[in-house]
Amino acid sequence: MRVEAPGGGDSRRVATTLAATLVVAATLCSPALVFEWYGPVLVGLCALVVAGGLCRAFLVTAVACLPNPDPPELPMASPPNPPTVGVLVTAYNDADTLDETLDACDALDYPEDRLRVLVGFEAASTDDTEAVARRAATSDSGVRVRVIERSAPPAGKAAAVNHLRSHLGDDVDVVASLDAGQRLEQGSLSRAVRWLADTETWCVKGRSYGRNADESLLALCATVERHLAERIAFVARSRLGWFSLFTGGQAFFRVETLDRLGAFDETALLEDVAMATRIHARGGRVRVDPSIVATERNPTTLSAWAGQRRRWARGGMQVARRSLGRLLRSPTASVPTRLDAAYTFAVLLWVPVAVLLSPLVALTVTTSPTTAALGSLSGWLPLISMVSWAFPYALFLRDAVDGRRHDGREYAAPLLLPAYFALQSVVVLAAFLDEFVLRRPSVYVTSRSEE
């Protein structure tokens, strides 16, 4: 289900955002006119953040590249009667991808009599989503597909999943939440169910694997960025017992766990991050297994990509504002989890502040004798860029060992990532202004309207 915050193409909206940017930047930079030490201190903080980020990236990459652990085997009595799984597929203007998603569900290596597929489509869809869903429900495929219409106005994935959950039968033991654009590989469901046999695991997340790197330069960079997040960052966090997330359009839960956690937050732009925060606050664990794979398509146009990334950034900021304090005070969350959660949201908020302060930092680096004594920061940038290229190539090597192939273009994508992340930092800045300065309402629109 593709839902995103508006991309902001209206000229008045853009003008307001630019005006807010100038005002906030001037406010943050103005102390340098009074305090001589202000600029050098900012440069020193930026250097520390970059150095700390590189050290963390090396640790995370090393941990993520370790061999994949296998989930526990189900008890001997279980194979004849494995848990019944309800796969919840949410769809809104997804006619072009829903067929393939349901075909992938039909190909899962799981007993057909233990699998229920519920397709929840939005009545407001303007394409053939309903026709595709109903055709699947009447087909002769082995997996039973049930179609649920949601007639209320589109309100995001959380509302769609909550609506589908209300239609689950009493015989379902495990819930798999799946976007219409996610196609699970054959052995993924069985592997996720095995992980859920561990009672300390409250949620299992697999890897979202981009399949359209050849469609545009933006899709290429987004594909590699997602690989770095899904195969390196999220995997390492899970193994280290840090703040693990289940973003990416697919996740697996025991029904009893969802009953304990309650409904997904329909007021948050990132309902999955909000739920992950709730899990950790209650002492639960999110297990990330890169051998559980669902393929996905990344946005190919600037407007669709910016709308998606803006929603993700603002959604993370909403969770930080609403739920981080509760997590940090939780007596059941581990200390590493709480520290990493604080770091995660601090970095998200630091990015827009760094963009706003970048003119002052650049001016200080080039003119201040204090920073000159530490060496020119700009002189280190090429070396930092070269070191950062090691991380995606470590990812490619790890995938090669696992037998996973990448589009040939992806091996050249690291050369484009500095510019890509610079563009993304501007999008994060816009999300920051929307959430904390302009206080714009969160409105969902489809990515199609952005294209």
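Nothing here was measured: the structure is a model prediction, and the numbers come from that model.
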Is Asn162 reaching over with its side chain to a backbone N or O of Ala263, donor-acceptor style, under 3.5 angstrom? no
For Asn298, side chain to side chain donor-acceptor pair (under 3.5 Å) partners two or more places apart: Thr223
Pair Arg144 + Glu112, salt bridge at N-O below 4.0 Å: no
Going by distance alone, is a donor N or O of one side chain under 3.5 Å from an acceptor N or O of the other, for Asp179 and Gln250? no
Surrounding CG of Leu59 (heavy atoms of other residues, nucleotides or ligands, distance under 6.0 Å), is the total greater than 12? yes
Kindly confirm or rule out a cation-pi arrangement of Arg260 over Trp202, judged by NZ or CZ under 6.0 Å from the six-membered ring centre and within 45° of its axis? yes
Check ion pair Asp272-Lys157 (N to O, under 4.0 angstrom): no
Taking Glu215 first and then Arg297, would you say they form a salt bridge - that is, a charged N and a carboxylate O separated by under 4.0 Å? yes
Taking only residues two or more places apart in sequence, or in another chain, which ones meet Ser244 in a side chain to side chain donor-acceptor pair (under 3.5 Å)? none
Phe391 vs Phe58, test: ring-ring contact (aromatic ring centres under 6.0 Å, His included). Steps then yes/no. CA-CA 8 Å; Phe391 305 125; Phe58 276 113; 5.0 Å; yes
Shortest non-hydrogen contact from Ser323 toward Thr277: CB-CG2, 3.8 Å
Could you note down all residue pairs passing salt bridge (Lys or Arg N to Asp or Glu O under 4.0 Å) where residues 325-345 supplies at least one of them, sequence neighbours left out? Arg56-Asp340, Arg237-Asp340
Quick one: does Ser190's side chain have a donor or acceptor within less than 3.5 Å of a partner on Asp109's backbone? yes
Throw together a table of side-chain donor-acceptor distances under 3.5 angstrom for residues 414-424, partners on residues two or more places apart or in other chains.
residue, atom, partner, partner atom, Å
Tyr420, OH, Glu225, OE1, 2.5
Tyr420, OH, Trp305, NE1, 2.9
Tyr420, OH, Arg309, NH2, 3.3
Gln424, OE1, Arg309, NE, 3.4
Gln424, NE2, Glu225, OE2, 3.1

Between the main-chain N or O of Ser208 and the side-chain N or O of Glu230, is there a donor-acceptor pair closer than 3.5 Å? yes
Is the closest basic N to carboxylate O distance between Lys205 and Asp289 below 4.0 Å? no
Sidechain-backbone polar pair: Thr332 side chain, Ala281 backbone, donor-acceptor under 3.5 Å: yes
Determine whether a donor-acceptor pair (N or O, by modelled atom type, separation under 3.5 Å) exists between the side chain of Ser188 and the backbone of Leu184. no
Counting only N and O atoms by type, is there a donor-acceptor contact under 3.5 Å from the side chain of Arg287 to the main-chain atoms of Val204? no
Run the ring-ring contact (aromatic ring centres under 6.0 Å, His included) test on Phe264 and His163 for me, step by step, so that the C-alpha distance in whole Å, both residues' side-chain angles and the decisive distance to 0.1 Å come before the verdict. CA-CA 10 Å; Phe264 282 89; His163 181 69; over 10 Å; no
For Val63, does its backbone N or O pair with a side-chain atom of Arg239 as donor and acceptor, under 3.5 Å? yes
Please determine whether side chain to side chain contact (heavy atoms under 4.5 Å, CB included) holds for the pair Leu118 and His167, giving the CA-CA distance in whole Å, both sets of side-chain angles, and the decisive distance to 0.1 Å. CA-CA 8 Å; Leu118 277 69; His167 290 83; 4.1 Å; yes
Output for pair (Thr129 OG1, Tyr92 OH), nearest 0.5 Å, gives 9.5 Å
May I ask you to decide if the ring planes of His227 and His406 are parallel, tilted or perpendicular, using 30° and 60° as cut-offs? perpendicular
Counting only N and O atoms by type, is there a donor-acceptor contact under 3.5 Å from the side chain of Arg254 to the main-chain atoms of Ala197? no
Which residue is it: Arg226, Arg207, Arg183? I am looking for the one with a salt bridge (Lys or Arg N to Asp or Glu O under 4.0 Å) to Glu296. Arg226
Can we say Arg116 and Asp171 salt-bridge, meaning some charged N sits less than 4.0 Å from an Asp/Glu carboxylate O? yes
When you measure from the side chain of Thr61 to the backbone of Ala57, do you find a donor-acceptor pair of N or O atoms at a distance under 3.5 Å? yes
Ser358 side-chain N/O to Val355 backbone N/O, donor-acceptor pair under 3.5 Å: yes
Please name all residues satisfying side chain to side chain donor-acceptor pair (under 3.5 Å) with Asp113, sequence neighbours left out, ordered by chain then number. none
Taken in chain and number order and not counting sequence neighbours, the residues that satisfy side chain to side chain donor-acceptor pair (under 3.5 Å) with Thr201 are Asp198
Intermediate values then yes/no, side chain to side chain contact (heavy atoms under 4.5 Å, CB included), Leu42 and Thr364: CA-CA 9 Å; Leu42 288 179; Thr364 303; over 6 Å; no
Flag side-chain contact, heavy atom, 4.5 Å: Asp265 against Arg278: yes
Can Leu218 and Leu302 be said to form a side chain to side chain contact (heavy atoms under 4.5 Å, CB included), step by step? CA-CA 7 Å; Leu218 200 55; Leu302 180 61; 4.3 Å; yes
Can you tell me how the ring of Phe432 sits relative to the ring of Phe436, calling it parallel under 30°, perpendicular over 60° and tilted otherwise? tilted
Looking at Arg409 and Asp407, is there a salt bridge between them, counting it only when a charged N and a carboxylate O are closer than 4.0 Å? yes
Does this structure show an ion pair linking Asp259 with Arg165, if we count only N-O contacts that are shorter than 4.0 Å? yes
Distance (rounded to the nearest 0.5 Å) between Asp94 CG and Asp128 CG: 12.0 Å
Can the ring centroids of Phe246 and Phe234 be said to lie less than 6.0 angstrom from one another? no
Stepwise side chain to side chain contact (heavy atoms under 4.5 Å, CB included) test for Gln318 and Val273: CA-CA 10 Å; Gln318 290 177 348; Val273 175; over 6 Å; no
